[in-house]
Amino acid sequence: LTLTVTDSEGRVYPRTMSAASVLDVLRFECRKLGVEFLTATPVTDLIHRKDTFLLNGSIRTSALIAACGGKAAPAHGTDGSGFALLRTMGHTCTPLRPALVQIRTQTADIRALKGLRSAAHLTLCTPDGNTTDSKGEILFTDYGISGIAAMELSRNALPGSTLTLDLLPELDGQQTLNMLRARCNADPCRPLEGFLTGICHNRIGQTILRRATQLDLSVPCSHLRDSQIIAIRNALKGMTLTVTGTQGFAQAQVTAGGIPTEEFDSHLHSRKCPGLFACGEILDVDGLCGGYNLTFAWSSGRLAAKSAVEYCQSRGT
């Protein structure tokens with residue numbers, strides 16, 4: 001047994017806070033059950049004949065579970081080769097895209113913000129007009145935008161998309177405008193460089209002020225015209241960046257796309273090839289940040305294994 005701890009948001013971790021503890025528990029159980037491991041043995045050839053699968057010309061089995069992951073994070077061994085193997089079994093594959101990955105944008109307007117974090121409401125509009133949004137923390141980088149809120153939109157972040165940042169999501173547009181006008185009237189002698197102090201990080205505030213007013217930031221706030229206050233509001237609530245792509249599969253946590261789920265039944269048994277089961281990321285299922293993808297990997301893996309055992313038992317193999 002492994003001791004676990006639960007954090008304030010309900011997430012459960014091993015007490016060691018190390019993923020290696022989970023792996024060790026699984027290995028111990030497999031060893032107890034007599035499971036044989038063949039490491040450094042990639043499956044390069046798969047044949048299905050007379051209710052038997054033949055792997056690499058020498059390994060025979062009556063049931064096979066495809067649990068080889070997607071194409072994300074190739075450093076961990078997921079090179080996407082499983083999709084090609086399942087195609088030879090009659091399956092199709094939807095287009096693959098990196099998901100839960102950092103978004104690349106034009107950087108001229110945010111280069112000075114590298115390393116800064118902010119709460120934000122992000123809206124992504126693709127070239128064909130589809131819109132998705134996300135709320136949470138973002139991180140400005142030297143290539144664009146990272147952070148959970150950005151990564152949750154990344155599966156749709158096509159080049160040419162527009163990413164709009166609302167850096168004060170807790171107030172609507174009119175509330176923000178009223179606050180800025182009141183702030184200007186309350187301290188008209190304050191240097192403009194400090195006009196957004198306390199609302200956002202100073203570097204973010206000064207970037208917005210330069211972009212919206214074109215004024216020297218050493219002048220007092222009394223120099224602001226109402227049209228410029230409106231422009232500050234618009235920049236604060238709607239900073240727009242042009243998307244140039246993502247950091248790709250190498251940095252992605254998840255693969256979007258894969259083998260369509262409708263090609264499998266509710267027991268994750270293939271409708272195309274008897275005895276073939278699949279689970280995890282090779283299927284066209286991907287979720288948001290927060291453990292959803294791990295949950296699907298574990299639960300679908302358990303179901304596929306249970307179903308494969310029942311299939312073999314029903315056939316006496």
Side-chain angles (χ1 to χ4, degrees), residues 19-20 22-98 249-250 252-286 293-294 296-317:
V22 178
L23 181 58
D24 287 340
V25 168
L26 292 173
R27 282 174 172 163
F28 293 155
E29 186 67 13
C30 288
R31 184 182 303 165
K32 184 175 72 174
L33 296 173
V35 175
E36 180 183 1
F37 288 95
L38 296 177
T39 58
T41 310
V43 178
T44 57
D45 184 51
L46 177 60
I47 298 173
H48 183 236
R49 290 177 183 166
K50 296 182 179 180
D51 300 329
T52 299
F53 294 95
L54 181 65
L55 289 77
N56 293 355
S58 61
I59 303 172
R60 296 180 183 276
T61 180
S62 57
L64 181 68
I65 300 174
C68 40
K71 195 176 178 180
H76 299 297
T78 51
D79 60 3
S81 58
F83 299 111
L85 288 171
L86 261 63
R87 283 194 185 99
T88 67
M89 298 293 103
H91 284 282
T92 60
C93 184
T94 63
L96 305 177
R97 306 183 307 282
F249 283 109
Q253 295 182 17
V254 182
T255 303
I259 309 301
T261 55
E262 57 265 28
E263 295 183 4
F264 291 82
D265 66 18
S266 60
H267 300 282
L268 296 181
H269 192 181
S270 170
R271 300 182 190 274
K272 306 279 187 178
C273 180
L276 176 64
F277 300 81
C279 62
E281 202 171 332
I282 198 167
L283 296 171
D284 186 6
V285 177
D286 64 286
N293 295 288
L294 288 171
F296 178 72
W298 293 118
S299 57
S300 64
R302 185 179 187 278
L303 175 59
K306 182 174 182 292
S307 301
V309 169
E310 292 173 349
Y311 173 80
C312 290
Q313 291 174 337
S314 70
R315 300 175 61 82
T317 58

Q: For residues Leu268 and Ser300, report the shortest heavy-atom separation together with the two atoms involved.
A: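 Looking at all heavy atoms of both residues, the shortest contact is CD1-O, 3.3 Å.
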Q: Taking the side chain as every heavy atom from C-beta outward, state whether Val25 and Arg27 have any atom pair closer than 4.5 Å.
A: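 Val25 does not reach Arg27 side chain to side chain.
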Q: Any chance you could measure Leu86, atom CG, to Cys68, atom SG, to the nearest 0.5 Å?
A: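 Here the interatomic distance stands at 7.0 Å.
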Q: Please check this pair: side chain of Ser62 against backbone of Thr52, looking for a donor-acceptor N/O pair closer than 3.5 Å.
A: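 It does not hold such a pair.
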Q: Taking Thr44's backbone N and O only, do any of them form a donor-acceptor pair with Asn56's side chain (distance below 3.5 Å, no angle check)?
A: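 Yes; at least one donor-acceptor contact below 3.5 Å.
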Q: Kindly compute the distance separating CE (Met89) from CD1 (Ile259), expressed to the nearest 0.5 Å.
A: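 Those atoms lie 11.5 Å apart.
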Q: CZ of Arg302: more than 12 outside heavy atoms within 6.0 angstrom?
A: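 Incorrect, the count does not exceed 12.
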Q: Using a 4.5 Å cut-off on heavy atoms from C-beta on, say whether the side chain of Leu85 contacts that of Val43.
A: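 Sidechains of Leu85 and Val43: in contact.
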Q: Could you check whether the rings of His269 and Phe277 sit parallel, tilted or perpendicular, using 30° and 60° as the cut-offs?
A: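 Parallel.
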Q: Would you mind telling me which of Leu303, Ile65, Val285 makes a side-chain contact (heavy atoms from CB on, under 4.5 Å) with Cys279?
A: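 Testing Cys279 for a side-chain contact (heavy atoms from CB on, under 4.5 Å) against Leu303, Ile65, Val285 leaves exactly one candidate, Ile65.
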Q: Closest heavy-atom contact between Leu276 and Phe53?
A: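 Minimum heavy-atom separation between Leu276 and Phe53: N-CZ, 3.7 Å.
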Q: Any sub-3.5 Å donor-acceptor pair from Glu263's side-chain atoms to Lys272's backbone N or O?
A: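 Side chain of Glu263 to backbone of Lys272: no pair is present.
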Q: Once rounded to the nearest 0.5 Å, what's the spacing between atom CG of Asp265 and atom CZ of Arg271?
A: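 It is 5.5 Å, given to the nearest 0.5 Å.
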Q: Looking only at atom types and distance, does a side-chain atom of Thr78 sit under 3.5 Å from a main-chain N or O of Ala72, one as donor and one as acceptor?
A: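 Flag set: sc Thr78 to bb Ala72 pair under 3.5 Å.
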Q: Give me each pair satisfying salt bridge (Lys or Arg N to Asp or Glu O under 4.0 Å) with a member in residues 303-317, each pair once, sequence neighbours excluded.
A: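 For residues 303-317: Asp51-Arg315, Lys306-Glu310.
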Q: For the OG1 atom of Thr92 and the CZ atom of Phe83, what is their distance to the nearest 0.5 Å?
A: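 Answer for the OG1-CZ pair, Thr92 versus Phe83, is 11.5 Å.
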Q: Rounded to the nearest 0.5 Å, how far apart are OG1 of Thr94 and CG of Asp284?
A: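 The distance works out to 3.5 Å.
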Q: Not counting sequence neighbours, which residues clear ring pair (Phe, Tyr, Trp, His ring centres under 6.0 Å) with Phe264? List them please.
A: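 Testing Phe264 for ring pair (Phe, Tyr, Trp, His ring centres under 6.0 Å), a comparison that skips the adjacent residues, returns His91.
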